[in-house]
Amino acid sequence: MTSAARPTWAPAAGGHSLRDTNRAPTLQFSSRDLTSHTKLKFRQAGQNAPTELQTLDKQALKEKLAQAELEYKEKQNKRKRGVEELIEEQQEQKRLQNLDADDSDDDDEEEDDSDSSESEEDEDDDEAELMRELEKIRRERKEENERIEKEKQEEEERKREEAALTGNPLLNLSSASKDFTVKRRWDDDVIFKNQAKGEEKPKKRFINDMLRSDFHRKFMNKCKRLHGII
């Protein structure tokens, strides 16, 4: 249950702010208009402060920079040497693989010479067997296509004969529909039919004058008839 409408046990004490006195603010500032960064930042120790630069030895700084540059160049040269060694190692591995492949090819050629006669005989037998199987498959497919074509022609002939027998209603007297009367529409014998077909509707026109418009003329004629003027 809400307690919004109940009085508090200890009522809040009124203050002296603008909200309590219901007064309008006399002065107001935006947070973007307030001053910021009111103090300058100076270099601390280790950040190349002016005092450190005054006491710095220029010769020692040059030697330090030269040493750093030398270390960087050595690192780059080491990386290049590593890449070159890797490329040379890959080329050497490819060369050894090619030599092994050449040796294996020579061995295979010798073995192939010995097995060539046997493999040729086996291939001839397999090829003859495949040709016989292919001829058999072709013959079966041809017989199947001829059978399907014959059945299709017989079905079309049967449908044609059936349509010729049942198409003429005079010959098809055995069917349930023996009524040959012409069906009439429900409104064939209506007296009033298409009465407003030849009437021409009056065309609406627009006249930019209230006293000469069709509506005003019709209204004035009606008033005249009511008052017996016409």
Side-chain angles (χ1 to χ4, degrees), residues 1-105 194-197 199-227 229-230:
M1 184 175 178
T2 181
S3 60
R6 297 182 180 183
T8 57
W9 178 262
H16 300 286
S17 62
L18 296 176
R19 183 181 62 186
D20 299 329
T21 57
N22 293 327
R23 295 179 181 177
T26 58
L27 192 62
Q28 189 174 6
F29 290 98
S30 174
S31 61
R32 298 179 183 277
D33 295 335
L34 298 177
T35 57
S36 60
H37 300 290
T38 57
K39 294 182 180 180
L40 293 175
K41 293 182 179 179
F42 297 98
R43 291 177 182 265
Q44 303 298 324
Q47 297 180 349
N48 293 332
T51 55
E52 293 179 355
L53 293 176
Q54 290 177 359
T55 58
L56 187 64
D57 189 3
K58 294 182 179 180
Q59 186 65 26
L61 180 60
K62 288 182 180 180
E63 292 178 357
K64 186 178 180 180
L65 292 175
Q67 183 67 23
E69 187 174 359
L70 183 61
E71 291 177 358
Y72 175 75
K73 288 183 178 180
E74 289 180 356
K75 188 176 180 180
Q76 292 294 327
N77 294 331
K78 187 183 294 184
R79 184 180 298 175
K80 289 181 180 179
R81 287 195 300 272
V83 173
E84 291 176 355
E85 290 176 358
L86 181 61
I87 293 172
E88 291 178 356
E89 184 178 356
Q90 291 179 355
Q91 291 178 352
E92 184 67 20
Q93 289 179 358
K94 288 182 180 180
R95 188 175 64 79
L96 293 175
Q97 289 177 359
N98 293 331
L99 291 175
D100 295 339
D102 294 338
D103 296 338
S104 62
D105 290 339
N194 293 330
Q195 296 294 320
K197 190 173 182 180
E199 294 182 2
E200 294 182 0
K201 295 182 180 180
K203 295 182 179 179
K204 295 182 180 180
R205 57 178 182 170
F206 174 75
I207 300 174
N208 194 14
D209 188 0
M210 292 297 294
L211 299 179
R212 294 189 298 108
S213 63
D214 294 338
F215 176 78
H216 185 70
R217 291 175 184 274
K218 190 183 298 183
F219 177 75
M220 291 302 294
N221 292 331
K222 188 185 295 185
C223 292
K224 289 176 182 180
R225 286 196 300 269
L226 289 176
H227 293 287
I229 299 174
I230 299 177

Short side-chain to backbone donor-acceptor contact, Glu52 and Ala45, under 3.5 Å: no
Pairwise distance NE2(His216) to CG(Asp214) - rounded to 0.5 angstrom: 11.5 Å
Point-to-point distance, once rounded to the nearest 0.5 Å, from CE of Met220 to NZ of Lys224: 5.5 Å
Interatomic distance, Gln47 atom CD to Lys41 atom NZ [nearest 0.5 angstrom]: 10.5 Å
Heavy-atom closest pair, residues Ser213 and Met210: OG-O, 3.1 Å
CD/Gln76: more than 12 non-hydrogen atoms of other groups inside 6.0 Å: yes
Euclidean distance, Ile207 CD1 relative to Arg205 CZ, rounded to 0.5 Å: 4.0 Å
Rounded distance (nearest 0.5 Å) linking atom CD of Gln67 with atom OH of Tyr72: 16.0 Å
Value rounded to 0.5 Å, distance of CG in Leu226 from CG in Asn221: 11.0 Å
Minimum heavy-atom distance between Ala49 and Gln44, given as atom pair plus value: CB-O, 4.0 Å
Heavy-atom pair of closest approach, residues Arg212 and Arg217: O-NE, 3.4 Å
